[in-house]
K.L.:
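Quick one: the structure is below, questions incoming.
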Amino acid sequence: MNVEEFREYCLNKAFVEEGMPFGESTLVFKVAGKIFALCGLDAPNLSVNLKCEPEQAIAYREKFTEIQPGYHMNKKHWNTVAFESDLPESFLKQMIDDSYHLVLRSLSQKKRNELKL
């Protein structure tokens, strides 16, 4: 999956906004104001930081060399995933979906009511 495909996939989700709050070289995707994915645009190969359940994060890291603890993130809850690798696109999309849903579930009841979730 390349950066354009990644971007399009993220933007097709409900309540998602993109931005560059950390500078022009880091693309960030938020759902209802909370980050669920970010990637560096100046690296030679696309890697993406995604939120993950702690136990699952460890399991992924043990199984796939393409998945490492989240770079510049809380390593308990975030993984850095090499997107331009041999990982299947369906698996990458599932990891994006999981990150998105983890953040949605973490929203306050008030925020979920505002969004009609």
K.L.:
Listing request: all ring-ring contact (aromatic ring centres under 6.0 Å, His included) pairs with a residue in residues 43-68, at least two apart in sequence or in separate chains.
P.N.:
Tyr60-Phe91, Phe64-Phe91

K.L.:
Provide the closest heavy-atom pair for Met20 versus Glu24 in the form atom of the first, atom of the second, distance.
P.N.:
CE-O, 3.6 Å

K.L.:
What residues join Ile58 in its hydrophobic cluster, counting side-chain heavy atom gaps under 4.5 Å, either direct or through other members?
P.N.:
none

K.L.:
When you look at CD of Gln109, are more than 12 heavy atoms from neighbouring residues, nucleotides or ligands closer to it than 6.0 Å?
P.N.:
yes

K.L.:
Please lay out, stage by stage, how Leu46 and Cys39 fare under the test side-chain contact (heavy atoms from CB on, under 4.5 Å).
P.N.:
CA-CA 7 Å; Leu46 176 65; Cys39 68; 3.9 Å; yes

K.L.:
Linking I/L/V/M/F/W/Y whenever their side-chain heavy atoms sit closer than 4.5 Å, directly or via other members, would Tyr71 and Val81 fall into one cluster?
P.N.:
no

K.L.:
Under 3.5 Å, sequence neighbours excluded: what are the donor-acceptor pairs made by side chains of residues 9-19?
P.N.:
unit_1	atom_1	unit_2	atom_2	d
Tyr9	OH	Asp97	OD1	2.7
Tyr9	OH	Asp97	OD2	3.0
Asn12	ND2	Glu8	O	3.0
Lys13	NZ	Asp97	OD1	2.6
Glu18	OE1	Arg7	NE	2.9
Glu18	OE2	Arg7	NE	3.2
Glu18	OE2	Arg7	NH2	2.5

K.L.:
Would you name the heavy atoms of Met1 and Glu84 that are closest together and state the gap between them?
P.N.:
O-CG, 3.7 Å

K.L.:
Could you state the interatomic distance from CG (Asn113) to OG (Ser108), rounded to the nearest 0.5 Å?
P.N.:
8.0 Å

K.L.:
How many angstroms lie between atom CD1 of Ile67 and atom CE of Met95, to the nearest 0.5 angstrom?
P.N.:
4.0 Å

K.L.:
Between Leu115 and Leu107, does the side-chain contact (heavy atoms from CB on, under 4.5 Å) criterion hold? Intermediate values first, please.
P.N.:
CA-CA 10 Å; Leu115 297 174; Leu107 297 175; 4.0 Å; yes

K.L.:
What distance separates Thr26 OG1 from His72 NE2, expressed to the nearest 0.5 Å?
P.N.:
9.0 Å

K.L.:
Where do Cys52 and Ala57 come nearest, in terms of heavy atoms and distance?
P.N.:
SG-N, 3.5 Å

K.L.:
So Val3 and Leu41, side-chain contact (heavy atoms from CB on, under 4.5 Å) or not? Walk me through it.
P.N.:
CA-CA 8 Å; Val3 70; Leu41 298 175; 3.9 Å; yes

K.L.:
Would Ile96 and Leu87 show up in the same hydrophobic cluster when neighbours are defined by side-chain heavy atoms closer than 4.5 Å?
P.N.:
yes

K.L.:
When clusters are formed from ILVMFWY side-chain contacts under 4.5 Å, directly or step by step, what else is grouped with Val28?
P.N.:
Phe22, Ile35, Leu38, Met73, Trp78

K.L.:
To the nearest 0.5 Å, tell me how far Ser106 OG sits from Arg112 CZ.
P.N.:
8.5 Å

K.L.:
When you measure from the side chain of Ser85 to the backbone of Ala82, do you find a donor-acceptor pair of N or O atoms at a distance under 3.5 Å?
P.N.:
yes

K.L.:
Which value, rounded to the nearest 0.5 Å, describes the distance between His77 atom NE2 and Gln56 atom CD?
P.N.:
14.0 Å

K.L.:
Could you walk me through whether Gln68 and Asn79 satisfy the side-chain contact (heavy atoms from CB on, under 4.5 Å) test, starting with their C-alpha distance in whole Å, then the side-chain angles of each, then the deciding distance to 0.1 Å, before giving a yes or no?
P.N.:
CA-CA 6 Å; Gln68 298 295 313; Asn79 280 332; over 6 Å; no

K.L.:
What pairs of residues pass the ring-ring contact (aromatic ring centres under 6.0 Å, His included) test when at least one of them lies in residues 24-55, not counting sequence neighbours?
P.N.:
Phe6-Phe29, Phe36-Tyr100

K.L.:
Strictly distance-based, threshold 3.5 Å: is any side-chain N or O of Lys76 a donor or acceptor partner for the main-chain N or O of Pro54?
P.N.:
no

K.L.:
What closest approach, in Å, do Lys75 and Pro69 show between heavy atoms, and which atom pair accounts for it?
P.N.:
CG-CB, 3.7 Å

K.L.:
Please, which pairs that meet side-chain hydrogen bond (donor to acceptor under 3.5 Å, both in side chains) have at least one residue in residues 27-55, sequence neighbours excluded?
P.N.:
Asn49-Thr80

